[in-house]
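Written below as structure tokens is the structure these notes are about.
Sequence lines set the chain letters: A, B, ... in the order given, protein chains first and strands last, and positions in each chain run from 1.
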2 protein chains.
Amino acid sequence: MGKVRQADIARVAGVSQATVSVVLGGNRTGVRLSERTRLRVLEAAEQLGYVPDPVSSRLAATRNNLLGVYTFTPAFPVDVADAYYPILAGVEAEAAALGKDLIMFTASSAAPDRIRRTRLADGCLFLGRHVPVDGIADLLAAGFPIVYIGRRTELGGRIPHVGADYVSASAEVITRLARAGHTRVRYLREPDDAPSSGDRERGVRAAAAAAGLSLVVVRTDGADLDGPSVRCWLDDGVTALVVEETDTGAVFHATWRALGEAGVSVPGDVSLAVLGRPPAGTAGPVISGFEVPRRALGRAAVRLLASLVEPGSGEPSLHRLLTCPPVAGETIATLA
Amino acid sequence: MGKVRQADIARVAGVSQATVSVVLGGNRTGVRLSERTRLRVLEAAEQLGYVPDPVSSRLAATRNNLLGVYTFTPAFPVDVADAYYPILAGVEAEAAALGKDLIMFTASSAAPDRIRRTRLADGCLFLGRHVPVDGIADLLAAGFPIVYIGRRTELGGRIPHVGADYVSASAEVITRLARAGHTRVRYLREPDDAPSSGDRERGVRAAAAAAGLSLVVVRTDGADLDGPSVRCWLDDGVTALVVEETDTGAVFHATWRALGEAGVSVPGDVSLAVLGRPPAGTAGPVISGFEVPRRALGRAAVRLLASLVEPGSGEPSLHRLLTCPPVAGETIATLA
DNA sequence: CTGAAAGCGCTTACAG
DNA sequence: CTGAAAGCGCTTACAG
């Protein structure tokens, strides 16, 4: 038995193909139809075992209920699995709730032609530490709906996004340290200038200034951290370390290793806070810091994208920041 | 600036839309084309930022470079994350290597109309413990390329699949126990009849019979396991426990908890083997058993699907089983 | 109330 | 060598 088309049903039911389309489409346009015709069509469709061809309906309807997901690294990476997985889980959950399917664009690079391909969906989510400005600018110019996961400042702030409020969350951590009596703090951050890093630093600096706390900011990829570094900081009177936590967790891991190497106890010898959450499976005490609401980010991004694709439900805010709940943890000591 | 079509390129290049299609399609049919025309078209396409519409090409050519991934539970689930993630990572890696994008069909159920939607792609991978026979039979009947990840016996074995050779791997574990001097073994398996469970049991039974080992097979979802159960087995002379490991790890976790509750030491008081790999992050010794080559399963499944979509590269084998490498582990004691 | 036409953007025969 | 036509299976205006 070959493919059954609407035309076949039309022949059997003795109506036009267009009428079949109207009947099977649930008569969305409110066309007047005789009940007799409707039933004849439905019966013929049932009898012939009709299966609508989603590809054709898509071409004709200009909408395909498909949302794209573009990650600049593999979507299922090894080194940032902990960071991406909950986001993607949130994306999937919300997409399913909205009845949308997902296209994962398997990007090995940010090549512009790969980025253009995203237009095959109704709209696309982007996920990554940096923005391939040219490709994204093209999409924006074409009026193609996109949403970045993570706050973006590129292209004059015109990129719609759903991000985390790292500024407030980071400031809160510093305030917590100040309240616990810490006055000399060392802040280790990623070397590159992604907004997520810049936001944290802004929050940290602002809170440190407000609390009159002495702060040293260090950019590092973690490779240069070892036991002697730690000893040196302690000799310098530092009582607390604040570490940025990003996708890969590289800096946190390096710091944790260096602390072990130096044989210092946390928080006995030095307090430790992480601006984010260390990767799951890290042994030891619960590190003080804050939660990144990754799953919620994924869900909110899908909702925003869906509203951009399907306008009319009011003007959505193109830039949202979600709150990062504080994690008390066990690694901040209260000083006398 | 709206969507750029071949007709737009044609206008700019001064040729017909059909010629544009031929040029951009890489001239598959071997039409004679002047190099000058070819370059003019290519240049215009580049300049206008042309992106082929995969929906249209699919309608016209019945091909769109999209592979579907259908999971019967969320693709990014919490309880089987460890099981699915490496598979999906393999799927993504191979798809990227082949230049295919992925459509994730966010299925909350196995409703036939959801399954039909997969026909939007050139072919589709299916992943799940059971087969929704009706929907899959329809696809098969329609000649739609599908590949199951995991061995399938349903529909008279007509479902193409790439699975793991659980029979051999499970038998090997039993043989290992026999060699270590064990003669009374308790085997805890999942209660339902998925092929992955049946295969393990076959391997276990065959090897037990061959080794003259006394075997008791117990079906359990883990809820009824506790300390007293364990004590009871030991009193019965059991020296080794063999536990099935499936997506959720439910039975393994329950067993591990029961062992702890009974206060028995492993492998001091009793040996333990798992037919698979316990979820990552499990504390304690490395459990003896075997590795499930999940990432390789994903890759192989994509390759098979691609060859079904794109025939001509020889007749691929529709049923492949990958070897599961043994894991020696630390939980099998050698008896005197 | 219902049919026939146009068209979504492309590919693949088929004429020149 | 290149253009024009037909058509993939559908939806959505638009005529009757």
If the test is side-chain contact (heavy atoms from CB on, under 4.5 Å), which one of A:I146, A:V131, A:V147 qualifies with A:F126? A:I146
Just compare D:dT2, D:dC10, C:dC10 and give me whichever is closest to any side-chain atom of B:A60. C:dC10
Hey, is B:E43 close enough to B:R40 for a salt bridge, meaning N to O under 4.0 Å? no
With 3.5 Å as the limit, what N/O pairs link the protein to nucleotides 13-16 of chain D?
none

Between CZ of B:R5 and P of C:dC10 the distance, given in whole Å, is 8 Å
Would you mind reading off the distance between A:R40 atom CZ and C:dG3 atom C1', rounded to a whole angstrom? 13 Å
What contact category does B:V15 fall into here, base, sugar-phosphate, or nothing, at under 4.0 angstrom with non-hydrogen atoms? sugar-phosphate
Closest nucleotide among C:dT11, C:dT2, D:dT11 to the B:S21 side chain: C:dT11
Is there a side-chain contact between B:T19 and the phosphate of D:dG3, meaning an N or O under 4.0 Å from OP1 or OP2? yes
Under-4.0 Å salt bridge between B:D122 and B:R58: yes
By side-chain contact (heavy atoms from CB on, under 4.5 Å) - contacts of A:T19 (at least two apart): A:V15, A:S16, A:V23, A:L33, A:T37
Please give the distance between the C1' atoms of C:dT2 and D:dT12 as a whole number of Å. 15 Å
Which nucleotide wins on minimum distance to the side chain of A:S56, given the candidates C:dG9, D:dT11, D:dG9? D:dG9
Phosphate OP1/OP2 of D:dT11: any A:Q6 side-chain N/O under 4.0 Å: yes
Find the distance B:D53:CG to C:dG9:P and express it as a whole number of Å. 7 Å
Whole-Å distance, A:Q17 CD to C:dC8 C1', equals 13 Å
Distance, P atom - from C:dA13 to D:dC1, rounded to whole angstrom: 22 Å
G-U wobble or Watson-Crick pairing nucleotide for D:dA15 (cut-off 3.5 Å, both distances): C:dT2
